[in-house]
Amino acid sequence: MKWPVLSLVLLCAGIAHAGTVPMPKDWWKAPGSLASDDVRWRAEYLAQKEDANAFAADLQASQKSGKGMSYLDQGGVSPSWYQAPLQVQPFPGSYSTKLYDLAYSAFLQSHELQQAYRLAYTAVRLRPEDRQWRQRLIQVGTWLGQREEVLRQWHWLATHGDADAQGKAVSLALTLSRPDLVVQMLSVRARSGQLSNADWKSLIFAYGELGEPDKALEDVDAALKRSGPNRFLLAQKAYLSYQLGDIERSLRALESSTKLYGPDPERAIEEARLLSMQGKYRLAFAAMERALPKATLEDVPFWQLYAALAWELHNHSAAFHAEKTLYLLGAASQYDLQRLVSLSGEKQPEAALVVALHGWHRYHLPLFYFEALYYSATAHEWDVLGGLLRSVPANDHDGVRNYPAYWMALGQWANARGEYPLAGRAYAHVLQLQPDDMVAAGNLLWMLIDSGQVRTLRALLVNNAEQPEPVLRDAVLSALERLNLNRQALALATALPAAAPTERVAHLLNKASLWDGAGYPGLAWTLRRQGAWQSLQDLRVQARERAGHD
């Protein structure tokens, strides 16, 4: 069909200027929808996110100041806490306990810390087994910022049986980027299964700094073999195996942990990601499903992956549940919002509209703008639709007026307001941009029928009434009847394929009306009798079906 362009002059007064978009009325009252009582979820998540943001800001400030970072700064400005190593010349002469103790006290009382440091340094050289002097050297070295020397002393104490010294030595070694010392102190104890989880983390990090995750995995395997299953170590084994590219080994460790200790969201995420890497999406989703009862609203990464997998597997009910949760928590990404619009649009166009508006305000992507146009028209939110149309600035920097969807929405809005000339021009412009758009052609026909524009309707049907497109047959039939062209309408209705069972009665009544208008009231009466008989038969069939279900 070829649709003549009715007018190229588009009167958009009152539409083209930018303005605010009113929000539709509350749509979140039904249980199970995007509900207003779920605002508590969002409040809890946002409070948690504020804490996380504060921590991140504090961490960023620490990084800028150098506090807590290695002083090996790759040629940059040294951190404020860094002190260059003191060049110490030992005191001459032999060691005397009474003299050295007295001198150390005197230096401290007079605040001559460098002399006290020199004295302790000398005493340690002369009496290497004296733990007291090593403790004194640690004390004054800490005051003077001599971290390398302090580390040497803690390390000596740790390797000579001081359990408290080991934790301090490990912590300082990590701060000063000495992973070799961390491995030296912890590896032997790790293999015998004597490390705490915190020490394991330090050891694995140190191996990573040395580029030796394989050795960390060897220590973990040795500890598991010696001490038996351990949830923390199985998680570390899964992590290290993944770092080494051994996906199957990592999966086995995660599956063992799940079997022994039950599923949890964190492990489920790791297992599902590994299975997804292998293209095993159904198994990945099953792993997430097992952990679903333990997932809380704070487990945002869990819901993100669960939503993506559910969408991949076309499990729309699960995907909607997850995407809804992310939206209400304020954690939905651009793609989460796109999926939520699609999932909620068919049954909840008002919800789809609100989500699309959120996406448009947050990301300013034309995709969300056009979704908002569509669903505001579907939900008959004409004020919202008008606000969206007015929100396009005069310069149209996003180019939305280049798309037929904009003009289609303008036509729907104008038609709903009874501004039929503007609606006609808008639909005509859609057909100019996209001549095969049957939706626009249908909208144009129905608008002309409803508004009684008989002359324009007659002109539009020239050469278009004999073989209309299937989606336009009802509109063309109504147009012919509106123009009192009953014989043409009857010929078209007779040429239509047989109606579906559910539409049979309506089809008979329509034909009866056409025959009546064509001057054959007797045939029309017969068709109406057939329609009544068919209605009775349909009612009997429905009654038998209900009785069978009962």
Side-chain angles (χ1 to χ4, degrees), residues 59 62-63 65-91 95 97 99-190 194-196 198-210:
L59 178 62
S62 298
Q63 290 175 338
S65 68
K67 181 181 179 181
M69 296 175 62
S70 169
Y71 67 91
L72 301 177
D73 52 27
Q74 307 299 322
V77 178
S78 297
S80 59
W81 51 258
Y82 175 65
Q83 298 292 334
L86 292 174
Q87 300 298 321
V88 182
Q89 189 68 31
F91 282 107
Y95 175 79
T97 301
L99 179 60
Y100 267 59
D101 287 346
L102 186 61
Y104 185 73
S105 297
F107 288 145
L108 290 183
Q109 290 176 17
S110 60
H111 301 289
E112 296 184 32
L113 296 183
Q114 290 195 2
Q115 293 299 326
Y117 180 82
R118 181 186 178 191
L119 185 70
Y121 180 85
T122 304
V124 168
R125 285 174 59 93
L126 296 175
R127 295 173 60 85
E129 301 299 323
D130 193 324
R131 294 172 182 256
Q132 184 183 29
W133 277 111
R134 288 188 182 273
Q135 290 284 1
R136 288 172 173 175
L137 183 55
I138 288 171
Q139 182 184 46
V140 72
T142 301
W143 292 337
L144 292 172
Q146 299 300 297
R147 294 191 170 198
E148 296 90 338
E149 186 61 49
V150 170
L151 175 58
R152 278 192 289 271
Q153 301 310 315
W154 282 128
H155 180 239
W156 187 93
L157 291 171
T159 55
H160 286 76
D162 190 331
D164 293 335
Q166 180 166 282
K168 295 181 174 64
V170 168
S171 178
L172 190 53
L174 290 172
T175 301
L176 297 179
S177 296
R178 289 296 307 274
D180 54 319
L181 290 181
V182 176
V183 170
Q184 181 184 334
M185 286 185 283
L186 298 182
S187 180
V188 175
R189 294 182 59 214
Q194 299 177 19
L195 289 188
S196 65
D199 285 338
W200 269 112
K201 288 181 180 179
S202 298
L203 177 60
I204 291 170
F205 175 79
Y207 273 125
E209 290 284 282
L210 295 171

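No hydrogens, no waters, no symmetry mates; every other heavy atom, side chains included, goes into these values. Quantities reported herein were computed from a predicted structural model and do not represent experimental measurements.
- Note: R178 CZ to E209 CD = 13.0 Å, rounded to the nearest 0.5 Å.
- Within the 4.5 Å cutoff, the side chain of Q135 has heavy atoms near those of the L157 side chain.
- Annotation for S202 and L174: closest pair OG-CD1, 3.6 Å, computed over non-hydrogen atoms.
- To the nearest 0.5 Å, the span separating CD on Q115 from CG on L108 amounts to 11.5 Å.
- Nearest heavy atoms, L172 versus R147: CD2-O, 3.7 Å.
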Item to check | CA sep, side-chain torsions, deciding dist, call: F107, L113, side-chain contact (heavy atoms from CB on, under 4.5 Å) | outcome: CA-CA 7 Å; F107 288 145; L113 296 183; over 6 Å; no

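- Annotation: side chain to side chain contact (heavy atoms under 4.5 Å, CB included) contacts of A198 (sequence neighbours excluded): S196.
- Rounding to the nearest 0.5 angstrom, the gap separating the OH atom in Y121 from the CG atom in L137 is 9.0 Å.
- Across R125 and P90, no two heavy atoms sit closer than the pair NE-CG, 3.8 Å.
- Within 6.0 Å of CD in Q114 there are 12 or fewer heavy atoms belonging to other residues, nucleotides or ligands.
- Judged as a side-chain hydrogen bond (donor to acceptor under 3.5 Å, both in side chains), and not counting sequence neighbours, the contacts of Q194 are S192.
- Nearest heavy-atom pair across R131 and D162 is NH1-CB, 4.3 Å.
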Item to check | From CA spacing to verdict: side-chain contact (heavy atoms from CB on, under 4.5 Å), T159, H155 | outcome: CA-CA 6 Å; T159 55; H155 180 239; 3.6 Å; yes

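- Two residues are said to be in side-chain contact when any heavy atoms from C-beta on lie closer than 4.5 Å; I138 and W143 fail this criterion.
- Residues L151 and A173 approach most closely at CD1-N, 3.8 Å, considering heavy atoms.
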Item to check | side-chain contact (heavy atoms from CB on, under 4.5 Å) between L195 and L203, intermediate numbers included | outcome: CA-CA 10 Å; L195 289 188; L203 177 60; 4.0 Å; yes

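- Under the side-chain hydrogen bond (donor to acceptor under 3.5 Å, both in side chains) criterion, W154 pairs with no residue at all, not counting sequence neighbours.
- With respect to D101 and R136, a salt bridge is recorded, a charged nitrogen being found less than 4.0 Å from a carboxylate O.
- A donor-acceptor contact under 3.5 angstrom links the side chains of Y95 and W133, judged on distance only.
- A donor-acceptor pair is defined here as one N or O able to donate and one able to accept, closer than 3.5 Å; no such pair exists between the side chain of S171 and the backbone of G167.
- Side chain to side chain, Y100 and T122 fail the donor-acceptor criterion of an N or O pair below 3.5 Å.
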Next on the checklist: Set out, in order, the CA-CA distance, both residues' side-chain angles and the distance that settles side-chain contact (heavy atoms from CB on, under 4.5 Å) for Q153 and V124, then state yes or no.
Outcome noted: CA-CA 10 Å; Q153 301 310 315; V124 168; 4.1 Å; yes

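- For R118, the side-chain hydrogen bond (donor to acceptor under 3.5 Å, both in side chains) criterion is met by no residue, not counting sequence neighbours.
- Cation-pi geometry between R134 and W156 is met: the NZ or CZ atom falls under 6.0 Å from the ring centre, inside 45° of the normal.
- Partners of Q139 according to the side-chain hydrogen bond (donor to acceptor under 3.5 Å, both in side chains) rule, which considers only residues two or more places apart in sequence or in another chain, are Y104.
- Contacts of Q166 classified as side chain to side chain contact (heavy atoms under 4.5 Å, CB included), with partners at least two apart in sequence or in another chain: A158, V170, M185, L186, R189.
- With salt bridges taken as basic N to acidic carboxylate O contacts below 4.0 Å, none links D199 and K201.
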